[in-house]
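Before any comments, here is the structure.
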Amino acid sequence: MTSSSPSPANPAAGTAAGPAGTVTASASGAPGPTDAAGAAGAAGATRVPSAASVPLTPVFVRLKLSLLRNGLKGSSKRKAAYFSTLALALVVGFFVTLGLALLHGNAHAGTVVVLLAAILALGWTFMPLFFPSGDETLDPSRLVMLPLRPRPLVQALLASSLVGIGPLFTLCLAIGSVLAVARGAAGAVAAVVAAPLLVLGCVALARAVATANVRLLTSRKGRDLAVLSGLLIAVGGQVANFASQSLFQAGGLASLEPVEDVVRWLPPATAIGMVDSASEGAYGVAAAQLALTLAAVIALLWFWERTLTRLMVTPDGSTITAARPMKDRGAGGRWSLLPAGRTGATMRRTLRYAVRDPKTKSGWVTSLAIGVIIPVFNALQGSGSVYLGCFGAGMLGMLMYNQFGQDTSAFWMVAQTISSTRDAYVELRARAAALALVTVPYTVLVTSVTAAVIGDWSALPAATGLALALLGSMLCTGALASAHFPYSIPSDGAFKNVAPGQGGLAWGGILAGMVVSAIVSAPVIVMTIWLNVGDHQDISWIVLPLGAAWGTLAAWAGLRLAAPTVARKLPEILWAVSKG
């Protein structure tokens with residue numbers, strides 16, 4: 001039996017890797033039997049297939065099914081959640097498909113289904129970025145150590161991506177969409193091609209985008225996206241609600257036909273547009289839309305293969321040593337504008353928490369977004385008021401509550417620097433100043449935009465003054481609540497903001513603070529109402545300086561009252577915020 005390994009008698013013999021496995025080559029260049037598997041085969045043993053000779057697609061499909069099956073083992077809650085989601089998707093998919101099919105023959109059926117296809121594509125594009133933990137196969141970097149070629153890997157990942165609840169629901173919508181617009185033999189043939197093309201285009205788009213951003217999805221910024229996903233969905237819901245109301249006020253679905261004329265040429269919505277065009281006898285247009293759809297899918301797969309190749313051969317930051325020194329980003333730059341000493345350091349820390357800590361960032365962005373959506377959207381709908389700008393001030397003022405709990409376990413380092421009432425006052429004052437640095441110009445901006453949309457500039461000074469008074473009052477009560485009602489914020493769970501057993505403490509502090517804030521700002525509220533009811537709008541501008549002064553006084557008083565409590569109850573506060 002001839003051995004495939006180099007021998008001392010033939011030192012020129014070596015190995016060379018090929019697509020089918022490892023083969024031997026002698027000095028004369030004649031290939032030998034395939035490594036150990038070939039030698040075993042010559043002796044009558046079973047041949048072991050090489051990695052390249054095994055079809056990847058069935059393996060990855062079975063792997064996806066195994067991941068789904070094994071993920072349900074040992075957890076009744078996970079099983080209940082999965083199967084309830086599957087049942088809900090099937091029920092909703094059935095009724096949506098039935099509803100779309102009932103649109104068959106409607107004059108606006110093409111508009112509805114083409115726009116629905118575009119919305120599906122948008123959902124498939126962005127949802128993996130917001131929920132990267134929903135599918136572990138979205139991270140192809142787990143496969144970098146395996147001897148896999150990019151093109152077969154793309155095919156296998158694409159096939160495995162078609163297994164799941166999302167593709168099943170998308171297929172239901174695709175079938176309903178083509179049923180709504182397919183007419184005649186040409187339409188039926190186009191429908192058979194369009195439905196799988198739509199699903200394939202959506203899945204390929206999602207995988208290409210996810211692969212291109214896989215470094216982001218597995219980093220801290222990716223976790224930030226997951227935390228903020230609920231906010232973006234809420235904002236999107238408000239936008240969709242406003243758009244639907246404007247749509248029906250503007251004349252219904254007919255007003256969307258110009259948009260649909262453009263969207264039907266944007267893949268993968270072109271697949272549904274192809275069915276509509278073929279049903280109307282525009283075969284040339286249908287052929288162009290089919291070619292555009294196929295070209296888009298091929299381009300997505302090519303882009304996916306390129307990004308996958310780059311991902312598999314390019315090291316990430318965790319495997320590269322620091323080759324260049326870090327820049328000194330100390331007190332220079334934009335931070336030099338902050339005060340010196342403890343005040344500036346505390347303000348810098350607070351602002352960095354707002355940018356870097358996912359939960360703190362979520363609170364900031366939620367308050368900023370909702371604070372502008374409510375007044376501006378109501379103004380756009382014709383039912384708003386300039387005084388709704390106070391809503392934004394109230395949302396941002398709530399960020400002052402539980403200041404020490406926002407530090408989580410790092411608060412013990414801050415507690416080491418507080419040894420007197422003066423230290424506690426400076427700490428609270430700096431945190432309030434960091435909050436005011438953003439909220440004061442934001443409040444002025446929101447009230448100004450609302451006044452511009454409504455066209456009521458005469459009410460702007462009074463509304464701004466009232467908002468500033470409310471903001472100062474909430475800074476006052478927020479400091480007191482932080483001292484008397486501290487609670488822990490768990491570090492795990494994107495949406496867990498209160499430790500178990502402290503929910504009543506958290507809600508009690510917030511509700512009591514809101515009531516006291518209304519009482520503290522009552523003089524400015526009463527003055528504003530008296531000026532408007534008593535027909536004294538010509539001097540209502542006086543509310544602006546008085547409201548700003550009252551808010552500043554209220555905030556100063558709250559900080560002064562809270563500081564002794566913080567200094568006296570520092571061990572209790574430290575224990576409360578570290579409980580989670």
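We use all heavy atoms of the structure for the numbers below, so side chains are in, but hydrogens, waters and symmetry mates are not.
Note that the CZ atom of Arg151 and the CG atom of Leu56 stand 14.0 Å from one another [nearest 0.5 Å]. Here the CD atom belonging to Gln155 is positioned 9.5 Å from the CG atom belonging to Leu153, to the nearest 0.5 angstrom. Expressed to the nearest 0.5 Å, how far CZ of Arg306 lies from CG of Leu301 amounts to 14.0 Å. Going from atom CZ of Arg62 over to atom OG1 of Thr57 covers 10.5 Å, rounded to the nearest 0.5 Å. One finds the CG atom of Leu399 at 11.5 Å from the OG1 atom of Thr350 (value rounded to the nearest 0.5 Å). Rounding to the nearest 0.5 angstrom, the gap separating the NE2 atom in His104 from the CG atom in Asn106 is 11.0 Å.
Using a 4.5 Å heavy-atom threshold, the side chains of Arg310 and Thr307 count as touching. No side-chain heavy atom of Val178 sits under 4.5 Å from any side-chain heavy atom of Leu198. The side-chain heavy atoms of Leu168 and Leu86, taken from C-beta on, include a pair separated by under 4.5 Å. Looking at Asp276 and Arg183, their side chains come closer than 4.5 Å, going by heavy atoms from C-beta outward. Leu90 is not listed as a side-chain neighbour of Phe94, based on a closest heavy-atom distance of 4.5 Å or more. Between Leu294 and Leu197 the shortest side-chain heavy-atom distance falls below 4.5 Å. Counting heavy atoms from C-beta on, the side chains of Val114 and Val181 never come closer than 4.5 Å. The shortest distance between side-chain heavy atoms of Cys172 and Phe95 does not fall below 4.5 Å.
The minimum heavy-atom distance linking Arg264 with Ser277 is given by the pair NH1-OG, 3.6 Å. Summarising the geometry of Val275 relative to Ala194, their closest heavy-atom pair is CG2-CB, 3.3 Å, with the distance given to 0.1 Å. Closest non-hydrogen pair, Thr125 versus Ala121, comes out as OG1-O, 2.7 Å. Nearest heavy-atom pair across Ala109 and Ala180 is CB-O, 3.9 Å. The shortest non-hydrogen separation linking Leu158 to Trp304 is N-CH2, 3.6 Å. Nearest heavy atoms, Ala174 versus Val199: CB-CG2, 4.2 Å.
Side-chain atoms of Ser160 come within 3.5 Å of backbone N or O of Leu157 as a donor-acceptor pair. Side-chain atoms of Thr111 never come within 3.5 Å of backbone atoms of Glu260 as a donor-acceptor pair (strictly under, hydrogens ignored). When atom types are taken as modelled, the side chain of Tyr442 and the backbone of Gly392 share no donor-acceptor pair closer than 3.5 angstrom.
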side-chain contact (heavy atoms from CB on, under 4.5 Å) assessment of Val209 paired with Trp124: CA-CA 9 Å; Val209 173; Trp124 274 95; over 6 Å; no
Residues Leu100, Leu179; criterion side-chain contact (heavy atoms from CB on, under 4.5 Å); working and verdict: CA-CA 7 Å; Leu100 292 173; Leu179 290 177; over 6 Å; no
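Residue Trp265 places its CH2 atom among more than 12 non-hydrogen atoms of other residues, nucleotides or ligands, all under 6.0 Å distant.
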